[in-house]
Amino acid sequence: MDQIIVAGNGPLSGEIPIAGAKNACLTLMPATLLTDQPLTLTNAPRLSDIRTMTALLGSLGAEVASLQDGQVLALSSHALTSHRADYDIVRKMRASILVLGPLLARDGVAEVSLPGGCAIGARPVDLHLRALEAMGASLDLREGYVHAKAPAGGLRGAVFDFPVVSVGATENALMAATLARGTTVLKNAAREPEIVDLARCLRAMGARIEGEGTGTITIEGVQALDGATHPVVTDRIELGTYMLAPAMCGGEVECIGGRIELLAAFCEKLDEAGISVEETPRGIKVARKNGRVRAVNVTTEPFPGFPTDLQAQFMALMCMAEGTSVLEETIFENRFMHAPELTRMGARIEVQGGHATVTGVEKLRGAPVMATDLRASVSLILAGMAAEGSTTVSRVYHLDRGYEHVVRKLRGVGAHIERVKEEAS
């Protein structure tokens, strides 16, 4: 396995290009299953999760070509050969469940393994299934698989009110509804930029959708969808992560391609902490000139609230803030696994249930630490950049699922960071 070694850093300076959104691309790729026409995605991120989704679609008979060094994906599902998404692939990534709605809508049948992914909570798929049942699907869970069938004549439009906001379930239902007979209304729908991006792509393919970005999305089903070319939206989680680098180390960094509207609640918290955030013609410029940041409280919420996927990284910043902050995690129940590792670096953190109380210290100290999930891994890198001495982060394979060229990008603004092979014990 690889390790990342980070040395304590001075102020950062320069620019970091922000990739297309992983979570958006993983949703857009299964949209190819809705049509026999070509779908081309530009601004695609180059990540292991994208390769996993490519393998999954390939196992169904879809063709996926990676062009322009992986930044363009050309997809075609003109000749599907299977409707079964096998456990061996699905277990690697929760987004695999997103093939269920498209397969069911197009061909009326699907067998999809219950998914795996990061160990940050149960994250059940019951809302996906309930939304599809509302459209007339019959579902049978046996031997770890969802066996789904559409009624004769295909899925039909329905009104479905999500009891809690779910991004993945909204995406699955939205895709399925594009080919359902009649009108589907999704209430209490997720409002994330990735949902808006999916709706825009589906509309370019000929879908009739209104209300994306609000709590109510209305879809008028059509008989067939066409092909399209669509640019993947900027990755707001990568954006927020790299915005925290100068906040922790000092200096000034411009994140190319970023927009404040993608992270308004996060930017407000940075402002409260004393970090300068300025939108530029090319992106977002972040600066911390002098002194310690101020402690601020954070509660994770569905969009447009503070993203759960930036909680670990923001905790690293609060570890060095002046005062005491409370971080409340309301989305996933196991998402403070980075706290003990930050404590190894001298942080003062107390976790009780869904709350973490962080009392800032003047300096963190480098230490050997272990990544437990995708966002935890990058939070430890940020902490290492701001710590005294050297930090070695192990189990960084998580990192490759969500950040492309993290070492290159951070080195480009002056970070002391390298990736090495772990020495055999």
Side-chain angles (χ1 to χ4, degrees), residues 4-13 16 237 239-253 255 263 266-277 286-300 306-307 309-329 335-351 355-372 375-393 406 410 413-417:
I4 286 184
I5 300 175
V6 193
N9 222 88
L12 304 176
S13 177
I16 297 177
I237 305 304
L239 171 62
T241 299
Y242 288 128
M243 289 173 69
L244 285 168
M248 294 189 67
C249 297
E252 183 176 278
V253 169
C255 295
L263 284 174
F266 173 77
C267 291
E268 287 175 8
K269 289 299 178 181
L270 284 182
D271 182 63
E272 282 184 47
I275 304 300
S276 169
V277 178
V286 183
R288 177 170 74 84
K289 299 296 185 184
N290 299 299
R292 291 172 67 184
V293 299
R294 297 187 292 269
V296 297
N297 298 331
V298 162
T299 299
T300 62
F306 191 101
D309 280 347
L310 287 172
Q311 175 261 110
Q313 301 91 307
F314 198 82
M315 181 184 284
L317 175 67
M318 290 297 96
C319 288
M320 301 177 60
E322 191 167 7
T324 299
S325 58
V326 177
L327 284 72
E328 181 182 7
E329 176 57 63
R335 211 161 203 188
F336 288 136
M337 291 187 289
H338 45 280
E341 301 303 303
L342 289 169
T343 301
R344 289 174 52 81
M345 301 176 69
R348 296 174 59 190
I349 306 169
E350 294 183 11
V351 175
H355 294 77
T357 302
V358 183
T359 303
V361 298
E362 286 199 25
K363 274 290 183 182
L364 295 174
R365 299 183 301 275
V369 292
M370 184 174 295
T372 54
R375 307 306 173 184
S377 60
V378 80
S379 76
L380 298 173
I381 291 172
L382 290 172
M385 287 168 56
E388 290 182 341
S390 177
T391 296
T392 300
V393 184
V406 62
L410 288 171
V413 292
H416 306 308
I417 178 173

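FYI, side chains are in, hydrogens and waters are out, and symmetry mates aren't considered; it's all heavy atoms of this structure. Here the structure is a predicted model, which means the values were calculated and not measured.
- Scanning all heavy atoms of the two residues, the minimum distance from Q311 to L327 falls at O-CD2, 3.8 Å.
- Proximity of T324 to T357: side-chain heavy atoms (C-beta onward) are separated by under 4.5 Å at one or more points.
- Remark: L410 CG to Y242 OH distance equals 5.0 Å, nearest 0.5 Å.
- The side-chain contact (heavy atoms from CB on, under 4.5 Å) test applied to R348 returns T359, V361, not counting sequence neighbours.
- Side-chain contact check for T241 and Q313: at least one donor-acceptor pair (N or O, by modelled atom type) lies under 3.5 Å.
- Every residue two or more places apart in sequence or in another chain that forms a salt bridge (charged side-chain N to carboxylate O under 4.0 Å, His left out) with E272 is listed here: K269.
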| message | One pair to check against side chain to side chain contact (heavy atoms under 4.5 Å, CB included): T391 and L380. What are the steps and the verdict? | response | CA-CA 9 Å; T391 296; L380 298 173; 5.8 Å; no

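- Here the side chains of L364 and E388 are not in contact, with every heavy-atom distance at 4.5 Å or above.
- Side-chain contact between H355 and F336: absent, with no pair of heavy atoms (C-beta onward) separated by less than 4.5 Å.
- In this structure the side chain of V286 never reaches within 4.5 angstrom of the side chain of S276, judged on heavy atoms.
- Rounding to the nearest 0.5 Å places OG of S390 at 11.5 Å from NE2 of H416.
- Among all heavy-atom pairs drawn from A312 and S379, the shortest one is O-CB, 3.3 Å.
- Looking only at distances, no side-chain donor or acceptor of R344 sits under 3.5 Å from a matching main-chain atom of A347.
- By the 30° and 60° cut-offs, the orientation of the rings of F266 relative to F314 is perpendicular.
- When every heavy atom of M320 is checked against every heavy atom of R292, the shortest pair comes out as O-NE, 3.4 Å.
- The two residues V351 and A356 come nearest to each other via the heavy atoms CG2-CB, 4.1 Å.
- Heavy atoms only, all atoms of each residue included: G384 and V6 are closest at C-CG1, 3.7 Å.
- Taking CZ from R294 and CD1 from I275, the interatomic distance works out to 8.5 Å, rounded to the nearest 0.5 Å.
- Nearest heavy-atom pair, A415 versus M385, reported as atom, atom and distance to 0.1 Å: CB-CE, 3.9 Å.
- Here I16 contributes atom CD1 and C255 contributes atom SG; the two are 5.5 Å apart, rounded to the nearest 0.5 Å.
- Side chains of E329 and T300: a donor on one and an acceptor on the other come within 3.5 Å.
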| query | For R288 and V293, what are the C-alpha separation, side-chain angles and deciding distance, and is it a side chain to side chain contact (heavy atoms under 4.5 Å, CB included)? | reply | CA-CA 8 Å; R288 177 170 74 84; V293 299; 3.4 Å; yes

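- Rounding to the nearest 0.5 Å gives a distance of 11.5 Å between CD1 of I349 and CE of M318.
- Here the NZ-SG distance, from K363 to C319, works out to 13.5 Å after rounding to the nearest 0.5 Å.
- Here the side chain of E252 pairs no donor or acceptor atom with the backbone of S13 at under 3.5 angstrom.
- N297 places a side-chain N or O within 3.5 Å of a backbone atom of V326 that can act as its donor or acceptor partner.
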| request: List the steps and the verdict of side chain to side chain contact (heavy atoms under 4.5 Å, CB included) for L317 and L270. | output: CA-CA 10 Å; L317 175 67; L270 284 182; 4.1 Å; yes

| From CA spacing to verdict: side chain to side chain contact (heavy atoms under 4.5 Å, CB included), I5, I417 | CA-CA 6 Å; I5 300 175; I417 178 173; over 6 Å; no

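- You'll find the side chain of S325 reaches within 4.5 Å of the side chain of V358, heavy atoms only.
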